[in-house]
**Student:** 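Let me give you the structure first, and then I'll get to my questions.
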Amino acid sequence: MKLGRKTTFTIRPKPPFHFGGTFHKPSHFPNTLKLNEWEPGKYWQMLRMGKQLFGLKIENRDTTSKPQLKITVYGSKPLTTEARKEIRKEIIWRFALNKDLREFTRLAQKDKRFYPVFKKWLGMRSQSPNTLYELLNIAIMLQNATVRRSQQMLDALLGAFGTRATFDSHELWAIWLPQEIANVPEQTLRDLKIGYRAKFVKRLSQDFANGTIDEMKLRTFDKDSAKRELIKLYGVGPETARILLFEAYHHDDVFDHIAPWQQKIYSRLFYGKSMVPVEKIRNDIIKRYGKYSMLAVHYIWEDIFWRRKHEKIEWLEKEIRL
DNA sequence: CATCAGGGCCCTG
DNA sequence: CAGGGCCCTGAT
């Protein structure tokens, strides 16, 4: 796929803003066929807008107090003004660039114990670089599998149905459209060794192709209404809904569901113990961080995974189970 | 070699 | 509302 035509424009995120924390999530494990790439101050991904596909490069143009991003869109033909506006709006939504983090920042500053951690990441946001359908497919591959197996399954699906493109000297992959695999036999999907998830992927693709769910409409819903709708999706339960609500819909207080492997890591991070009851973890976090419960935990979570890149954290390695 | 749980969810009783 | 089953893999 050729993406030779460039269009550039500027986005100014609402301060405080943290480029690395927003565009690079160390807790997300990269697969072989890359969906995005990051290096300090720069970020690349493929961007789906409806049926159209673009290359996207985002660069940090931070002038100390005034956050500024240089956006470059790579397309097969020049962008119309209208298309440029749509893409700009979409980027702002997906990375929550207009979110006002001042209140959360004040809360973080009052936190004696974790302020040193928060301070490193102030201005970080939750993000989903992808459409709801795309993120859903990734989340399904995470279910009931170790990290390595999730990577294998996603790579297999991308290799079979994904789109590869090179722009700005980066080779990246985009997830297929729902209509492209809605009619693929379930057995074809099973042959990619995704197991019983094949049924979920097929059913979800059919439902999305038929327009059963409106990704954009859910953006206007409050947390509980959005959750009610997401849970209706075949293959979406409490944990997947939590991921979608936080990453794709930017609800900062989705801390109701705690998976067993997360429980182990939270126990270590917050109590220095190997196992603390989930009820206690949930109550303590919600009491302390209120409507920013998930966002606060996200800062501490990403920080430990960031540290993992540079130093050996013995107990964490054991819990991650590659 | 066999057994088992894993970054859940659906379905049944 | 509890519990069984699910695909496949790597760990034990």
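Throughout, protein chains are lettered first and strands after them, A, B, ... in sequence-line order, and every chain is numbered starting at 1.
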**Student:** In a check of salt bridge (Lys or Arg N to Asp or Glu O under 4.0 Å) between A/Arg308 and each of A/Glu302, A/Glu319, A/Glu314, A/Glu317, which one passes?
**Tutor:**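 Among A/Glu302, A/Glu319, A/Glu314, A/Glu317, the one that satisfies the salt bridge (Lys or Arg N to Asp or Glu O under 4.0 Å) with A/Arg308 is A/Glu317.
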**Student:** Under a plain distance cut-off of 3.5 Å, with no hydrogens placed, do A/Tyr249 and A/Trp93 share a side-chain donor-acceptor pair?
**Tutor:**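 Distance-only check fails for A/Trp93 and A/Tyr249.
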**Student:** Measure NZ/A/Lys318 against C1'/B/dG6 and give the value in whole Å, please.
**Tutor:**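 Roughly 16 Å, once rounded to whole Å.
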**Student:** Map A/Trp301 and A/Lys199 onto DNA chain B by nearest heavy atom, then report which one ends up closer to the 5' terminus.
**Tutor:**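 Closer to the 5' end of DNA chain B: A/Trp301.
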**Student:** When only distance counts, do a donor and an acceptor, one from the side chain of A/Arg197 and one from the base of C/dC7, lie under 3.5 Å apart?
**Tutor:**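 When only heavy-atom distances are counted, A/Arg197 does reach the base of C/dC7 through a donor-acceptor pair under 3.5 Å.
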**Student:** Which whole number of Å gives the distance between the P atom of C/dC7 and that of B/dC1?
**Tutor:**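 Taking atom P in both C/dC7 and B/dC1, they lie 25 Å apart.
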**Student:** Would one find a side-chain N or O of A/Tyr234 under 4.0 angstrom from OP1 or OP2 of B/dG8?
**Tutor:**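 Result: no.
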**Student:** Is it the case that the side chains of A/Trp44 and A/Asn36 hold a donor-acceptor pair, with the cut-off being a distance below 3.5 Å and no angle test?
**Tutor:**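 Per modelled atom types, A/Asn36 and A/Trp44 side chains form no pair under 3.5 Å.
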**Student:** Calculate the interatomic distance between A/Leu230 atom CG and B/dG8 atom P; express it in whole Å.
**Tutor:**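 That distance rounds to 18 Å.
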**Student:** Could I get a table of every N or O pair under 3.5 Å where one atom is in the protein and the other is in nucleotides 9-12 of chain C?
**Tutor:**
from   : atom 1 : to       : atom 2 : distance (Å)
C/dT9  : OP1    : A/Lys193 : NZ     : 3.4
C/dG10 : OP1    : A/Gln152 : NE2    : 3.2

**Student:** What is the distance, to the nearest angstrom, from the NZ atom on A/Lys202 to the P atom on B/dC10?
**Tutor:**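 Interatomic distance, NZ of A/Lys202 to P of B/dC10: 18 Å.
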**Student:** Could you tell me how far apart A/Ile194 (CD1) and C/dC7 (P) are, to the nearest whole angstrom?
**Tutor:**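 Taking CD1 of A/Ile194 and P of C/dC7, I get 11 Å after rounding.
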**Student:** Just how far, in rounded Å, is P of B/dC10 from NZ of A/Lys232?
**Tutor:**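 Computing the A/Lys232:NZ to B/dC10:P distance gives 14 Å.
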**Student:** Across the strands shown, which category fits A/Pro260 at heavy-atom distances under 4.0 angstrom: base, sugar-phosphate, nothing?
**Tutor:**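 Answer is nothing: A/Pro260 stays at 4.0 Å or more from every strand.
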**Student:** If each of A/Arg203 and A/Val147 is mapped to the nucleotide of DNA chain B with the nearest heavy atom, which maps nearer the 5' terminus, i.e. the 5' end?
**Tutor:**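 The 5'-side residue here is A/Val147.
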**Student:** So what does A/Leu189 hit on the nucleic acid, given a heavy-atom distance under 4.0 Å: a base, only sugar-phosphate, or nothing?
**Tutor:**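 Here A/Leu189 touches no strand at all.
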**Student:** What does A/Gly237 touch in the nucleic acid at a heavy-atom separation under 4.0 angstrom: a base, only the sugar-phosphate, or nothing?
**Tutor:**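 Answer is sugar-phosphate: A/Gly237 comes under 4.0 Å of backbone atoms only.
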**Student:** Going by the rule side-chain hydrogen bond (donor to acceptor under 3.5 Å, both in side chains), which residues pair with A/Asn31 if we only count those two or more places apart in sequence or in a different chain?
**Tutor:**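 Expected list: A/Asp155.
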**Student:** For A/Ser150, report the nucleic acid contact type (base, sugar-phosphate, nothing); a contact means any heavy atom under 4.0 Å.
**Tutor:**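 Nothing, no heavy atom under 4.0 Å.
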**Student:** Between C/dC8 atom C1' and A/Arg190 atom CZ, what is the distance in whole Å?
**Tutor:**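 Interatomic distance, CZ of A/Arg190 to C1' of C/dC8: 11 Å.
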**Student:** Whole angstrom is fine here: how far is it from CG in A/Asn144 over to C1' in B/dG8?
**Tutor:**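 So the CG-C1' distance, A/Asn144 to B/dG8, works out to 6 Å.
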**Student:** Nearest whole angstrom, please: distance from the C1' of C/dC6 to the CE of A/Met153.
**Tutor:**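 From A/Met153 CE to C/dC6 C1': 12 Å.
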**Student:** Could A/Arg164 and A/Glu171 be called an ion pair, given the rule that one side-chain N must be under 4.0 Å from one carboxylate O?
**Tutor:**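 Salt bridge: yes.
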**Student:** Determine whether the side chains of A/Asp252 and A/Tyr289 contain a donor N or O and an acceptor N or O closer than 3.5 Å.
**Tutor:**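 A/Tyr289 and A/Asp252 do not have a side-chain donor-acceptor pair below 3.5 Å.
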**Student:** Determine which nucleotide pairs with C/dC7, using a 3.5 Å limit on both distances of a Watson-Crick or G-U wobble pair.
**Tutor:**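 Partner of C/dC7: none.
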**Student:** Just by distance, no angles: are the side chains of A/Thr188 and A/Asp191 close enough, under 3.5 Å, to form a donor-acceptor pair?
**Tutor:**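 No - no donor-acceptor pair under 3.5 Å links their side chains.
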**Student:** Looking only at the side chains, is there a donor atom on one of A/Thr240 and A/Gln143 sitting less than 3.5 Å from an acceptor on the other?
**Tutor:**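 The criterion, which ignores hydrogens and geometry beyond distance, is satisfied for A/Gln143 and A/Thr240.
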